[in-house]
2 protein chains.
Amino acid sequence: MSVSATVNPARHGQEEILDAAAQCFMDRGYAATSIDDVARNLGATKGRIYHHYRSKADLFFDVYRQGMQMNFDAIAPLAEQKIGIVEKLRAMTKTHTLAMIRTQPYQRCVWEGVELLLRGSTTPEQRIALVELHKMRTDYANIFRDVLEQAKREGIAHFHSSSITLHLMFMSLNSPLFWFQPSHGVDEKTIDGIASQCTVFALRGLGLKEELIADV
Amino acid sequence: MSVSATVNPARHGQEEILDAAAQCFMDRGYAATSIDDVARNLGATKGRIYHHYRSKADLFFDVYRQGMQMNFDAIAPLAEQKIGIVEKLRAMTKTHTLAMIRTQPYQRCVWEGVELLLRGSTTPEQRIALVELHKMRTDYANIFRDVLEQAKREGIAHFHSSSITLHLMFMSLNSPLFWFQPSHGVDEKTIDGIASQCTVFALRGLGLKEELIADV
DNA sequence: TTGACAACATACCCGGTAGTATGTTCCTCT
DNA sequence: AGAGGAACATACTACCGGGTATGTTGTCAA
């Protein structure tokens, strides 16, 4: 789960905090999570967290940013690849869903971050940070949007509103975030099966012909 | 939005509170909503709320219950109807989605209520109430599950896990809860169009043939 | 008329939590 | 070696919000 334990050791302490924070925010939600909760989860005290982050919101935002970074890292190589649109769509959706499952705590924070922005009950400075993060998420979604619209032009996908369809696709692909609890001993094959079902559902929803989906 | 303004006037005060509470809980989330917020939204004070409800959790649970009741009321007549399974599936999914849009604040509370149960950070008595409400939601979902499995047996729908597919279907149908903000002047035709796209996406996801979906 | 109760409003208490101010320990660089 | 700072822990404050205790007003029945 650790983001990248091999970077410079100076940041290693921060990433431990990020992992613990992501876990707590997922378990209890942003508002209901106290800094002491995160500290306890770390076997530490508030001092450690406030040494690295100025506020609870700052900590949360960093989790958000890290989560989005993971997503970009996962699909960037695929988006650039020069392959058929169907292949690209299948690869991107499947990869995205696997990323959701594997980095679940971070992605739940991304989700709540979006809600936090929409609700708008934040300080002006927090709002600025949130808007920037939201742009990151929009950029990410737009990678998929481009692929979707190209697929539509090529007669492979069929839908009316791109925006609504993008929402629907992501809701399907992201859905394991909300109903999948990794029990101890969850093997790779199970995860792949879940991601497969989500991907198939989404691609069908986009209007792809059945023979283009079968082997996802 | 008012649940039913024509019942006995004794309960009328409570339903005003329910509407205001549902709105606040949707706007800021359960944890971040204070009783004073709800009271302010009512143009009243805490006294009024605590006169009708013993605690913040009790108020929230009543919103949850009311939301589920609305859903049952909406699809119960359809589920009993003696019509073809395809017709029933189309009618139920479309009706459900319309209910989500029309009673959005209540349904967001239902959603958060489920999360509250899964997170499990509640008192024992609260947990009992939540479990009972969750059973209500499970019963509701099972109505759809039965229809789904019958459709699968008849070779109309195609999927592996019923549970996962049920999740995926509801995620699609419920998705307007999270990205649709009713602006002033939102007409019935727009709402119907949104519900239509969600329903088409879900029915496709279930593996229905295109000709069985076209006119939803 | 009055008294009893419903339906609130007002005033207050108190626990929890974000944030701060100040120690303490170790590590590093000169 | 020792000075300075990074990386924490400890102790404290201020405030917010759930819940309660008590006051106030209208209504209705006897």
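All values below were derived from every heavy atom in this structure, side-chain atoms included, with hydrogens, water molecules and symmetry-related copies excluded. Below, chains carry the letters A, B, ... as their sequence lines are ordered, and counting in each starts from 1. It should be emphasised that the depicted structure is a prediction, and the values quoted were computed from it without experimental measurement.
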Query - Separation of atom CD1 in A:Ile49 from atom C1' in C:dT17, rounded to whole Å - result: 13 Å
Requested in this report: Assess whether atom CZ of A:Arg137 is packed by more than 12 heavy atoms of other residues, nucleotides or ligands within 6.0 Å.
Outcome: no
Query raised in the report: If only atom types and distance count, is the side chain of A:Gln107 paired as donor or acceptor with the main-chain N or O of A:Ile101 below 3.5 Å?
Result: no
Query raised in the report: What dot-bracket string describes DNA chain C from 5' to 3', counting Watson-Crick and G-U wobble pairs whose defining distances are under 3.5 Å, with [ ] for crossing pairs and | for pairs to another strand?
Result: ||||||||||||||||||||||||||||||
Requested in this report: Would you verify whether the NZ or CZ of B:Lys56 falls within 45 degrees of the ring axis of B:Tyr30 while also being under 6.0 Å from that six-membered ring's centre?
Outcome: yes
Just the table, please: protein N/O against nucleotides 17-19 of chain D N/O, every pair under 3.5 Å.
| from | atom 1 | to | atom 2 | distance (Å) |
| --- | --- | --- | --- | --- |
| D:dG18 | OP1 | B:Thr33 | O | 3.2 |
| D:dG18 | OP1 | B:Lys56 | NZ | 3.3 |
| D:dG18 | OP2 | B:Ile35 | N | 3.0 |
| D:dG18 | N7 | B:Lys46 | NZ | 3.0 |
| D:dG19 | OP2 | B:Tyr50 | OH | 3.2 |
| D:dG19 | OP2 | B:Lys56 | N | 3.1 |
| D:dG19 | N7 | B:Lys46 | NZ | 3.2 |
| D:dG19 | O6 | B:Lys46 | NZ | 2.4 |

Requested in this report: Report yes if the side chains of A:His96 and A:Phe170 come closer than 4.5 Å at any heavy-atom pair, otherwise no.
Outcome: yes
**Report entry** Flag for A:Asp19-A:Gln23: side-chain donor and acceptor within less than 3.5 Å
**Finding:** no
Query raised in the report: Regarding B:Glu112 and B:Tyr64, is there a side-chain donor-to-acceptor distance under 3.5 Å anywhere?
Result: no
Query raised in the report: How would you list, by chain and number, every residue that makes a side chain to side chain contact (heavy atoms under 4.5 Å, CB included) with A:Lys152, sequence neighbours excluded?
Result: A:Phe159
**Report entry** B:His51 side-chain N/O to C:dC8 phosphate OP1/OP2 under 4.0 Å
**Finding:** no
Query raised in the report: B:Trp111 vs B:Phe178 aromatic rings, parallel, tilted or perpendicular, using cut-offs 30° and 60°?
Result: perpendicular
Requested in this report: Calculate the interatomic distance between A:Arg40 atom CZ and C:dG16 atom P; express it in whole Å.
Outcome: 11 Å
Query raised in the report: OP1 or OP2 of C:dA6 sitting under 4.0 Å from any side-chain N/O of B:His52?
Result: no
